[in-house]
Amino acid sequence: MGMEGAENELVRQRLEKQAGIEAIDGVRYPNDFRIAGFVADAVAAAGDKDGPALEATPIEVAIAGRVMAVNSFGKAAFLRVRDQSGTLQAYVKKDAVDEATFERLKLTDIGDIVGVRGALFRTRTGELTVQAKEYRVLAKAQHPLPEKWHGLKDMEQRHRMRYVDLIVNEESREVFRTRTKVIQYIRRFLDERGYLEVETPMMHSVLGGANARPFRTHHNALDMDLYMRIAPELYLKRLVVGGFDRVYEINRNFRNEGLSNRHNPEFTMIEFYQAFATYLDLMDLTEELFRGLVQSVRGSLIAEFRGQKIDFEPPFRRLAICDALREYCGFEEADFHDPQKAFPKVLASGVAKDEAEHVWKKLGDVSPRDAALAIGMLAFEAKVEPHLVQPTFVTDFPAVVSPLSRRKDADPTLVDRFELYIGTNEFGNAFSELNDPQDQERRFQGQMAAKAAGDAEAMEYDEDYVRALTFGLPPTAGEGLGIDRMVMMLTGCDNIRDVILFPLLRPEG
RNA sequence: GGGCCCAUAGCUCAGCCGGUAGAGCAGCGGCCUUUUAAGCCGUUGGUCGCGAGUUCGAAUCUCGCUGGGCUCACCA
């Protein structure tokens, strides 16, 4: 939306009208109109009173909002005025107002912010309307609004000028109201269960808590390089060490990776931690959370996502990684112990040979069992994920790809961990936390080895975190959920940019 | 980063087998004091994303660039 050509003419006309209003009111942007409530309050005050009732006992209101439409008759006009709470029609007629007020009406454009004071009545068709005694233009829309019933369709414009998108597209407003509802629901859910909401640093000097490439920044006074956090995990567990047994944080993480319709560089996660619980407890909690959330937002336990009907009635399917590989990729017991044997099955599952080799190589020096499981995960991603349409807890991940998770008592090469899949996408990740500081040291060393072997996403060795563990982390389980994806699922949006108010875009030319 | 597709008036879109642009809404002027996508009459508005090329002539064909969408890869 440039400012050249014909648009200049439209803007010029509006600036002239603004000057006309200034000539009447002596001020371009008046600040002396006081509302007496929102539109919804005015509507509620009228209730179901009919025209004669409103005439018998007049209800005076003072509302303000944006003019969304005008039907003008020359000597009278109807305006649809919208504020955050709703829309109310206003009626300004020449013989009911003074000359200056009617002049303001004539200088009004669609898009202007106006204030209206007057009594409520009902039109011939019964629509509640405020008959203006006072009518003011509070802020001129110098720029014309997009067309009234097609709205703004252009995706780029909607993202770049979200303010315009929100003005004209009710569906967009609804998406972001839903987003707020989702976050409020999760907060209440956890607050009610004794979780403490906390805030931990978003600027980290040590990279950890997830496997991802970071953004880097710099603190001048300390002359110190910092990472924008990729996860809050290690700080939240420090708080559990500190005695906050149940904590959560809802905030942004930053990962320096490609953009897609499912990835924005900054995205919102909730992470929560519960002492004296295991990943099995969190599965139950997660089922309860999703059941209540989906019911609350959708009004049913069925959500439609990417053309699939998703049923959130618990219990969700539980599927161990190795069982999934047996079921979908033809793995046999021997394949889980020897990467040479697993390799052909991984390729047969649709994984590119050089990719499989690359992953194998960047593991560093690990046992055959660990290597077999790690490349088996590639087969899982390629062949199993597409089957995970209904909510599914995928459990028992390889320890080698889970540096912060507690090992399974029955098999220390696996961990007490699950990921939640919905509609073939990963929505959450949870595990019983590794609270053995010596094992954590070894895992960090493994990450350092992987980094040395070329894994750009490996974690750094966090000495202070290990020190925290030496003070004693209670047996704890923790979980992270991607808020943006939950909102996508609950609103039916296919593009993450539709659920983020200001997604990252290239600068305008 | 790879592949496919898109970019025409403020907005939504036609035009695209080459002959220098149209509609609806918005705007402007006129009529209209209960409209609901108000109506009727008239009317303004466009370096057809940017830059090259082919051609007598390019919105239209070719190439490049920019931005975006879908998709694959990395990831959540």
Side-chain angles (χ1 to χ4, degrees), chain A residues 1-14 16-17 51 68-80 87 89-97 102 105 109-111 121-127 129 131 141-161 164 168-169 210-213 230-231 253-269 271 351-352 354-355 358-359 381-382 419-421 425-429 455-457 480-486 488 494-498 503 505-509:
Chain A
M1 217 188 267
M3 291 288 280
E4 297 82 27
E7 193 182 3
N8 252 344
E9 174 62 14
L10 297 176
V11 171
R12 190 190 57 74
Q13 288 168 353
R14 284 168 177 248
E16 268 176 24
K17 291 181 190 173
M68 299 310 296
V70 179
N71 287 349
S72 173
F73 295 88
K75 295 193 180 64
F78 290 95
L79 304 94
R80 310 197 77 82
T87 303
Q89 182 164 260
Y91 184 52
V92 186
K93 62 174 178 175
K94 192 171 185 180
D95 58 16
V97 296
F102 194 70
L105 172 70
D109 284 296
I110 291 172
F121 74 104
R122 288 199 187 272
T123 64
R124 188 178 288 164
T125 55
E127 177 163 351
T129 303
Q131 160 113 33
Q142 298 174 347
H143 207 105
L145 249 42
E147 192 235 359
K148 60 184 162 194
W149 65 83
H150 292 103
L152 185 65
K153 286 228 168 77
D154 186 286
M155 290 274 269
E156 180 179 357
Q157 300 282 54
R158 291 181 50 204
H159 296 144
R160 281 195 196 286
M161 295 191 288
V164 177
V168 299
N169 292 326
N211 295 112
R213 298 165 74 163
I230 58 173
N253 291 338
F254 307 86
R255 299 191 184 172
N256 205 341
E257 282 150 4
L259 286 75
S260 82
N261 61 355
R262 272 156 247 208
H263 299 86
N264 195 62
E266 54 178 311
F267 63 101
T268 301
M269 290 245 318
E271 286 200 10
V351 178
D354 51 352
E355 189 195 346
H358 176 68
V359 167
E381 285 161 15
E419 285 190 353
L420 173 61
Y421 278 81
N425 287 141
E426 188 195 331
F427 272 66
N429 180 24
D455 184 351
E457 295 173 352
L481 295 169
I483 298 288
D484 309 282
R485 288 189 176 173
M486 291 171 76
M488 287 170 70
D494 288 342
N495 192 330
I496 195 169
R497 287 177 165 185
D498 292 334
L505 299 170
R506 286 189 170 83
E508 281 180 90

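Everything quoted here is computed from the prediction, not taken from an experiment.
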Q: Keeping the roles fixed (side chain from N211(A), backbone from E457(A)), state whether a donor-acceptor pair exists under 3.5 Å.
A: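 The answer is yes, because a donor-acceptor pair under 3.5 Å joins these two groups.
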Q: Can you tell me how far C1' of A9(B) sits from NE2 of H150(A), to the nearest Å?
A: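 Rounded to the whole Å, the gap is 16 Å.
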Q: Taking CG from L152(A) and P from A26(B), how many angstroms apart are they, rounded to a whole number?
A: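 Taking CG of L152(A) and P of A26(B), I get 17 Å after rounding.
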Q: Between K148(A) and A26(B), is there a side-chain N or O to OP1/OP2 distance below 4.0 Å?
A: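 Answer is yes, contact under 4.0 Å.
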Q: Closest-nucleotide mapping onto RNA chain B: is G126(A) or N425(A) further toward the 5' terminus? I mean the 5' end.
A: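 Looking at the nearest nucleotide for each, G126(A) comes out on the 5' side.
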Q: Between N253(A) (side chain) and F267(A) (backbone), is there a donor-acceptor pair under 3.5 Å?
A: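 Side chain of N253(A) to backbone of F267(A): no pair is present.
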Q: How about CZ on R213(A), more than 12 heavy atoms from neighbouring residues, nucleotides or ligands closer than 6.0 Å, or not?
A: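 Counting other residues, nucleotides and ligands, CZ of R213(A) stays at 12 neighbours or fewer.
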Q: Between the base of U33(B) and the side chain of D95(A), is there a donor and acceptor pair under 3.5 angstrom?
A: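 It does, because a donor-acceptor pair links the side chain of D95(A) to the base of U33(B) below 3.5 Å.
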Q: Yes or no on side chain to side chain contact (heavy atoms under 4.5 Å, CB included) for R497(A) and L505(A), after CA distance, side-chain angles and deciding distance?
A: CA-CA 10 Å; R497(A) 287 177 165 185; L505(A) 299 170; 3.3 Å; yes
Q: Quick test: give all pairs of protein nitrogen or oxygen and nucleotides 71-74 of chain B nitrogen or oxygen below 3.5 Å, distance rounded to 0.1 Å.
A:
unit_1, atom_1, unit_2, atom_2, d
U71(B), OP2, N261(A), ND2, 2.3
C74(B), OP1, E355(A), OE2, 2.2
C74(B), O2', E457(A), OE2, 3.0

Q: If you measure from the C1' atom in C41(B) to the same atom in C4(B), how many Å do you get, rounded?
A: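 Going atom to atom, C1' in each nucleotide, I get 49 Å.
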Q: CG of D498(A) versus P of G69(B): gap in Å, rounded?
A: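 Those two atoms, CG and P, are 9 Å apart.
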Q: Can you tell me, in whole Å, how much space there is between the P of U44(B) and that of C50(B)?
A: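 So the two P atoms sit 24 Å from each other.
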Q: Using atom C1' in both nucleotides, what's the gap between G30(B) and G69(B) to the nearest angstrom?
A: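 Here G30(B) and G69(B) have their C1' atoms 45 Å from each other.
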Q: Could you give the distance separating U36(B) and C16(B) at their C1' atoms, to the nearest angstrom?
A: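 Pairwise C1' distance, C16(B) against U36(B), rounds to 39 Å.
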Q: Stacking here means centres under 5.5 Å and planes under 30°; does F267(A) stack on A76(B)?
A: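 Answer is yes, a stack.
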Q: Distance check, P atoms only: U71(B) and C61(B), in whole angstrom units.
A: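 It works out to 27 Å between them.
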Q: For R506(A) and C65(B), give me the distance from atom CZ to atom C1', rounded to whole Å.
A: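 After rounding, the gap between these two atoms is 13 Å.
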Q: Considering only the C1' atoms, how many Å lie between C48(B) and G22(B), rounded to the nearest integer?
A: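 Between the two C1' atoms, the distance is 12 Å.
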Q: Quick check: does any side chain N or O of T129(A) sit under 3.5 Å from a backbone N or O of E127(A), one acting as donor and the other as acceptor?
A: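 Yes, the answer is positive, given that a donor and an acceptor are paired below the 3.5 Å cut-off.
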Q: What is the pairing partner of U36(B), taking Watson-Crick or G-U wobble pairs with both distances under 3.5 Å in any strand?
A: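 Partner of U36(B): none found under 3.5 Å.
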Q: As a quick check of understanding, evaluate side chain to side chain contact (heavy atoms under 4.5 Å, CB included) for L105(A) and L79(A), giving each step before the final call.
A: CA-CA 10 Å; L105(A) 172 70; L79(A) 304 94; 3.9 Å; yes
Q: Does the pair Q13(A) and D109(A) meet the rule for a side chain to side chain contact (heavy atoms under 4.5 Å, CB included), with working shown?
A: CA-CA 10 Å; Q13(A) 288 168 353; D109(A) 284 296; over 6 Å; no
Q: Please check this pair: side chain of N169(A) against backbone of L152(A), looking for a donor-acceptor N/O pair closer than 3.5 Å.
A: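 Flag set: sc N169(A) to bb L152(A) pair under 3.5 Å.
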Q: In Watson-Crick or G-U wobble terms, both distances under 3.5 Å, what is the partner of A76(B)?
A: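 Matched A76(B) with nothing under the 3.5 Å cut-off.
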Q: What integer number of Å spans the P atoms of U20(B) and G57(B)?
A: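 Nearest-Å result for U20(B) against G57(B) at atom P: 14 Å.
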Q: Can you list every pair that meets salt bridge (charged side-chain N to carboxylate O under 4.0 Å, His left out) and has a residue in residues 255-268 of chain A, with sequence neighbours left out?
A: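 Residue pairs passing salt bridge (charged side-chain N to carboxylate O under 4.0 Å, His left out), neighbours aside: R252(A)-E266(A).
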Q: Between atom CG in N71(A) and atom C1' in A38(B), what is the gap in whole Å?
A: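 So the two atoms are 5 Å apart, to the nearest Å.
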Q: Evaluate the ring planes of Y91(A) and F121(A), with Trp represented by its six-membered ring, and classify them as parallel (under 30°), tilted (30 to 60°) or perpendicular (over 60°).
A: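 Correct class here is tilted.
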Q: From the options U36(B), U33(B), G24(B), select the nucleotide whose nearest atom is closest to the side chain of K94(A).
A: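 So the nucleotide nearest the side chain must be U33(B).
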Q: Between the main-chain N or O of M155(A) and the side-chain N or O of H159(A), is there a donor-acceptor pair closer than 3.5 Å?
A: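 Judged by distance alone, yes, a pair lies under 3.5 Å.
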Q: Could you please name the partner base of G46(B), counting Watson-Crick and G-U wobble pairs only when both distances are under 3.5 Å?
A: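 Here G46(B) is not engaged in any pair, so there is no nucleotide opposite it.
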Q: Please measure how far the C1' atom in G49(B) lies from the corresponding atom in G29(B), and state the result in whole Å.
A: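 To the nearest whole Å, 34 Å.
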Q: Determine whether any donor atom in the side chain of R80(A) lies under 3.5 Å from an acceptor atom in the base of U36(B), or the reverse, and answer yes or no.
A: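 Indeed, a donor on one side and an acceptor on the other fall under 3.5 Å apart.
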Q: Applying the Watson-Crick and G-U wobble criteria at under 3.5 Å, what pairs with C11(B)? Answer none if nothing qualifies.
A: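 Across all strands, the one nucleotide that pairs with C11(B) is G24(B).
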Q: Assess whether one donor atom and one acceptor atom, taken from the side chain of Q89(A) and the base of U35(B), lie less than 3.5 Å apart.
A: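 Such a pair exists between side chain and base.
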Q: Any protein N or O atoms within reach of nucleotides 27-31 of chain B? Criterion: under 3.5 Å, listing atom names and distances.
A:
unit_1, atom_1, unit_2, atom_2, d
G27(B), O2', Q13(A), OE1, 2.1
G27(B), O2', Q13(A), NE2, 3.2
C28(B), OP1, K17(A), NZ, 2.3

Q: Write down the distance between CE (M155(A)) and C1' (C6(B)), rounded to a whole number of angstrom.
A: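 Answer to the nearest Å: 13 Å.
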Q: Let me spell it out: for each of F427(A) and R497(A), pick the nucleotide of RNA chain B with the closest heavy atom. Which residue's pick is nearer the 5' end?
A: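 Per heavy-atom nearest nucleotide, the more 5' residue is R497(A).
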Q: Please give, in whole Å, the distance from G46(B) P to N8(A) CG?
A: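 Roughly 10 Å, once rounded to whole Å.
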